[in-house]
Amino acid sequence: MLKLCSCNVTDQIQASVQCRFPGSPGPFAFRRRSPVSVSCSPLSRLKLTPVQAVLSSQQKEVAEVVKSGSGSLADLLRLGSLAEDGLSYNEKYIVRCYEVGINKTATIETLANLLQEIGSNHAQSLGFSTDGFATTPTMRKMHLIWVTARMHIEIYKYPAWSDVVEIETWCQSEGRIGTRRDWILKDATTGELIGRATGKWVMMNQDTRRLQKVSDDVREEHLIFCPREPRLAFPEKNNKSLKKIIKLEDPAQYSRLGLTPRRADLDMNHHVNYVTYIGWVLESMPQEIIDTHELQSITLDYRRECLQDDVVDSLTSPEPIDGTETVSEHNGPAREDADCPQFLHLLRVSCDGQEINRGRTEWRKKPAR
């Protein structure tokens with residue numbers, strides 16, 4: 001057994017300090033040190049590492065912005081900016097770990113949310129969208145909001161965790177009752193095109209929940225930030241973004257019934273956000289397709305807004321050969337391309353069958369990883 005000395009260790013240390021203090025420095029002696037002066041010398045004289053130098057430069061820039069009040073801290077920290085002509089917006093985004101799904105890549109919901117985020121950041125950079133999605137000053141005075149009418153997304157390569165995605169977006173007029181927005185997605189490291197998207201929005205009165213034509217005042221407010229000539233993410237003739245979605249009739253081949261909106265699914269417009277519909281559509285996909293394929297493209301037509309108390313049914317069937325007006329369990333024949341299957345989707349209100357959303361998806365075999 002280890003035998004400890006009976007004397008108090010603290011007492012010994014104090015005694016050592018006391019006996020050594022007057023004389024030469026010892027193990028427990030205290031030495032008064034001269035004050036240290038810090039000079040505000042240039043970065044080169046401070047011998048900072050490259051990372052420290054960048055951080056120091058960013059801190060100075062942040063301090064100057066906050067002090068001058070010339071911009072928000074969010075604007076400074078975002079990796080985004082307007083193009084030189086002011087007619088489009090470009091932003092880089094890092095894929096987070098919680099945005100990655102079972103394929104170890106970003107989910108389609110992640111990318112759809114990212115499109116929404118970049119579009120809203122574009123609007124904010126123009127002075128819009130201070131309390132809503134891209135609402136102009138006139139729209140806010142008249143209690144008007146934008147609601148999604150159609151979305152089409154094509155993904156050619158899904159980014160993985162920590163990949164940096166670079167997205168360019170712009171908006172333009174779409175007839176008398178709406179507007180459209182387009183996106184181009186690239187790998188920020190290689191410049192490779194990894195996706196494209198386009199969407200259409202219509203105007204709704206926030207109080208009456210009725211659609212309303214775009215007034216000249218609103219049109220003038222945002223047209224000055226739109227390209228002078230039409231610019232499309234899908235310029236090809238007869239591209240898939242233009243394809244009409246035929247109605248899927250019940251009984252469908254696959255279904256998921258009784259889906260209910262969570263509180264987190266509601267957005268600033270007090271209805272279910274359009275990205276949630278994507279998840280609902282995929283809930284009724286057959287598991288064997290989810291296991292072996294990944295989503296290549298999705299098109300959604302929004303027919304009715306969905307509120308918190310609605311209960312939703314999700315229906316899915318393989319898409320029939322072109323020329324068939326409707327498709328159901330007893331209606332076909334369906335496509336036989338096993339490598340690139342295509343499906344039709346329907347979201348409806350459970351209690352009365354009202355159509356909420358029509359959808360169409362195309363799938364491809366998962367790449368080897």
Side-chain angles (χ1 to χ4, degrees), residues 99 101-103 105-116 147-155 158 183 195-201 240-262 264-267 271-308 310-320 326-329 334-335 340-350 353-364 366:
E99 297 169 326
I102 59 174
N103 296 333
T105 57
T107 64
I108 186 63
E109 292 98 325
T110 290
L111 297 177
N113 270 316
L114 185 52
L115 299 179
Q116 183 173 221
V147 293
T148 311
R150 184 178 174 93
M151 279 294 298
H152 177 77
I153 305 172
E154 294 184 9
I155 303 299
Y158 281 87
W183 296 265
R196 295 183 291 175
T198 185
K200 297 180 182 180
W201 280 259
K240 295 174 184 176
S241 73
L242 303 174
K243 188 171 182 177
K244 182 180 178 181
I245 304 176
I246 62 176
K247 186 176 181 180
L248 171 61
E249 299 291 350
D250 197 22
Q253 192 165 339
Y254 308 97
S255 64
R256 179 72 182 272
L257 309 180
L259 299 170
T260 56
R262 303 172 304 159
D265 295 327
L266 305 181
D267 61 23
H271 60 200
V272 174
N273 186 266
Y274 80 84
V275 177
T276 301
Y277 293 72
I278 297 176
W280 284 347
V281 162
L282 300 183
E283 280 298 306
S284 57
M285 279 294 299
Q287 188 62 43
E288 58 267 24
I289 298 296
I290 299 295
D291 291 340
T292 58
H293 291 69
E294 66 180 11
L295 186 64
Q296 178 172 293
S297 71
I298 182 169
T299 310
L300 296 177
D301 278 340
Y302 296 82
R303 303 301 182 99
R304 173 190 183 276
E305 67 175 341
C306 186
L307 305 177
Q308 184 176 2
D310 288 329
V311 180
V312 179
D313 293 340
S314 175
L315 310 178
T316 292
S317 285
E319 185 179 32
T326 59
V327 60
S328 71
E329 184 180 28
R335 297 180 183 272
C340 299
Q342 302 170 21
F343 293 85
L344 293 178
H345 309 272
L346 176 69
L347 297 179
R348 69 182 183 189
V349 180
S350 292
Q354 285 190 66
E355 188 177 10
I356 299 174
N357 189 289
R358 287 185 194 182
R360 180 179 182 273
T361 58
E362 294 187 8
W363 301 74
R364 60 173 174 256
K366 289 182 181 180

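- Counting heavy atoms from C-beta on, the side chains of L346 and E355 come closer than 4.5 Å.
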Criterion side-chain contact (heavy atoms from CB on, under 4.5 Å) on T292 and W363, from CA distance to verdict
CA-CA 10 Å; T292 58; W363 301 74; over 6 Å; no
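- Side-chain atoms of N103 never come within 3.5 Å of backbone atoms of T105 as a donor-acceptor pair (strictly under, hydrogens ignored).
- Remark: T316 pairs with Y254, S284, M285, F343, H345 by the side-chain contact (heavy atoms from CB on, under 4.5 Å) rule, at least two apart or across chains.
- Remark: E283 pairs with R256 by the side chain to side chain donor-acceptor pair (under 3.5 Å) rule, at least two apart or across chains.
- Judged by distance alone, with hydrogens and angles left aside, the side-chain atoms of D265 form a donor-acceptor pair with the main-chain N or O of R262 at under 3.5 Å.
- Looking at P261 and T276, their side chains never come closer than 4.5 Å, going by heavy atoms from C-beta outward.
- How far CG of L347 is from CZ of R303: 12.0 Å, rounded to the nearest 0.5 Å.
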For L111 and Y158: C-alpha separation, side-chain torsions, deciding distance, then whether side-chain contact (heavy atoms from CB on, under 4.5 Å) applies.
CA-CA 9 Å; L111 297 177; Y158 281 87; 3.9 Å; yes
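- Remark: E305 engages R209 in a salt bridge (Lys or Arg N to Asp or Glu O under 4.0 Å) (not counting sequence neighbours).
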Assess whether side-chain contact (heavy atoms from CB on, under 4.5 Å) is satisfied between S317 and L344, documenting all intermediate values.
CA-CA 6 Å; S317 285; L344 293 178; 5.6 Å; no
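- We find the CD1-CZ distance between I153 and R196 to be 13.0 Å, quoted to the nearest 0.5 Å.
- Side-chain contact between L114 and E99 is absent, with no heavy-atom pair separated by less than 4.5 Å.
- In this structure, the side-chain contact (heavy atoms from CB on, under 4.5 Å) partners of T148, at least two apart in sequence or on a different chain, are M151, W201, Y274, Y302.
- In this structure, OG1 on T361 lies 6.5 Å from CD1 on I298, to the nearest 0.5 angstrom.
- Residues forming a side-chain contact (heavy atoms from CB on, under 4.5 Å) with V349 (at least two apart in sequence, or on another chain): R304, C351, D352, Q354, I356.
- The closest donor-acceptor contact from the side chain of T107 to the backbone of G101 lies at 3.5 Å or more, if one exists at all.
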Please step through side-chain contact (heavy atoms from CB on, under 4.5 Å) for the pair R358 and L248, ending with a clear verdict.
CA-CA 8 Å; R358 287 185 194 182; L248 171 61; over 6 Å; no
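- The two atoms that bring P318 and Q253 nearest to each other are CD-OE1, 3.1 Å, heavy atoms only.
- Residue W280 comes nearest to V312 through the heavy atom pair CZ3-CG2, 3.8 Å, listed as atom of the first residue, atom of the second, then distance.
- Residues meeting the salt bridge (Lys or Arg N to Asp or Glu O under 4.0 Å) test with E362, sequence neighbours left out: K240, R360.
- You'll find the side chain of L282 reaches within 4.5 Å of the side chain of I108, heavy atoms only.
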